[in-house]
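Here the structure is laid out as structure tokens; the discussion comes afterwards.
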There are 2 protein chains.
Amino acid sequence: MTTDETQIKELIFSLRSLRKETRRIFAYQAKKQQLTETWIIALSALTRKDPSSLDELAHALQLSNSTTSGIVDRMIADGLVTKERDENNKRRINIRPTDKGRQKYADTYADYWEKLAPVNAIDQTKLTELLAIQAELLEKLEGIK
Amino acid sequence: MTTDETQIKELIFSLRSLRKETRRIFAYQAKKQQLTETWIIALSALTRKDPSSLDELAHALQLSNSTTSGIVDRMIADGLVTKERDENNKRRINIRPTDKGRQKYADTYADYWEKLAPVNAIDQTKLTELLAIQAELLEKLEGIK
DNA sequence: CACGAATATTTCGTATACGAATTATGTTAC
DNA sequence: GTAACATAATTCGTATACGAAATATTCGTG
């Protein structure tokens, strides 16, 4: 095969490591605030689109509906969001952040992204290029199978 | 804050998407072969270092010991690996691939990496650069907290 | 040699994460 | 209008994934 296997393996491992690191960083902050990375992104999405259906939220989180369903339930148990059947379309649910959810998101928002500020030590140009190549890579991967 | 928040958010999402895609591609192949991405990487590591301790395997997989412990147990249940106490150090376990495990890995090895061959449509130069920038990024992330 | 420290693994509780199957509701074609 | 289809959400079973705590073994030091 023509594939430069070594490089591709390296790539897979690089991606594993990077996701692991970002998860770790979020987890550290999350502990103080009792929020997980996913919950923060969910609250962010719900702030932008309030209310959201399960499908819409799952899309924003890039997760399956079944995964998102469980996440919403746990967030409800924590009093961060509510869900109600849509009166106009009873298949649909409306998910909304509670005051507590909004407050918690506002409190931690700056912190979370600031935490990642050291990334800016990397050249802006390089970072832009990284995103471009990653986008190209994503496109190729999406075309597989 | 000086952080270009938008770009960093984009990066986090890009990484989420890329990992998700690679997982999806592995999962498709895995279904036929009854192997998961992690199991393939585990068998690969065990082929290179046979036997491995739990700690060594966890390191190779870049996973915690507790996670790896569960993975090994499930692989044992599937007859892919065995574990035994080390006679010279009874705290340690020796994890080894079975014939079935070795065979299954050999059968699927080429397939798995070939699947990712479309990635080579990207310039070799770009790919090398991607890995370099990602390595730099990883270093920065590891320095956080 | 004994006891505390270090090492190695496992168990537990919790949170992702997915696809398949199920349930409920709405839409469309006839 | 109703049967087939489409849409929306949930449930189930399984596999990651982690940290904290528990257990077992070995080592080091006095």
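Throughout, protein chains are lettered first and strands after them, A, B, ... in sequence-line order, and every chain is numbered starting at 1.
For the pair S14(B) (side chain) and E10(B) (backbone), a donor-acceptor distance under 3.5 Å is absent. Of the possible donor and acceptor atoms, none in the side chain of S44(A) sits under 3.5 Å from a partner among the backbone N and O of I40(A).
Residue I12(B) comes nearest to R19(A) through the heavy atom pair O-NH1, 4.5 Å, listed as atom of the first residue, atom of the second, then distance. Heavy-atom minimum distance, L61(B) versus T38(B): CD2-O, 4.0 Å. A pairwise comparison of heavy atoms in P97(B) and L43(B) identifies CB-CD2, 4.4 Å as the closest pair. Of all the heavy atoms in L141(B) and V119(A), the pair that sits closest is CD2-CG2, 3.9 Å. Taking every heavy atom of both residues into account, L57(A) and A42(A) meet most closely at CD1-O, 4.1 Å.
Reading DNA chain D from its 5' end, the first and the last nucleotide to sit under 4.0 Å from a heavy atom of chain B are dA15(D) to dT26(D).
Rounded to the nearest 0.5 Å, atoms CD (Q7(A)) and OG1 (T128(B)) are 4.5 Å apart.
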Identify each donor-acceptor pair in which a side-chain atom of residues 69-80 of chain A lies under 3.5 Å from a protein atom, sequence neighbours left out, and give them as a table.
residue	atom	partner	partner atom	Å
D73(A)	OD1	K83(A)	NZ	2.9

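R24(B) and E21(B) are joined by a salt bridge, as a carboxylate oxygen and a charged side-chain nitrogen come within less than 4.0 angstrom of each other.
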Show me the protein contacts with nucleotides 25-29 of chain C, counting only N or O atoms at under 3.5 Å.
residue	atom	partner	partner atom	Å
dG26(C)	OP1	K90(A)	N	2.9
dG26(C)	O4'	R91(A)	NE	3.4

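DNA chain D lies under 4.0 Å from at least one heavy atom of each of the following residues of residues 53-82 of chain B: L63(B), S64(B), S66(B), T67(B), I71(B), R74(B). Contact check of residues 38-50 of chain B against DNA chain D (heavy atom, cut-off under 4.0 Å) returns T38(B), W39(B).
Contacts of R19(B) with the nucleic acid, taken as non-hydrogen atoms under 4.0 Å apart, are absent.
Under the rule for a side-chain hydrogen bond (donor to acceptor under 3.5 Å, both in side chains), K100(B) has no partner lying at least two apart in sequence or in another chain.
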Check against side chain to side chain contact (heavy atoms under 4.5 Å, CB included), L137(B) and L11(B): CA-CA 10 Å; L137(B) 177 59; L11(B) 183 60; 3.7 Å; yes

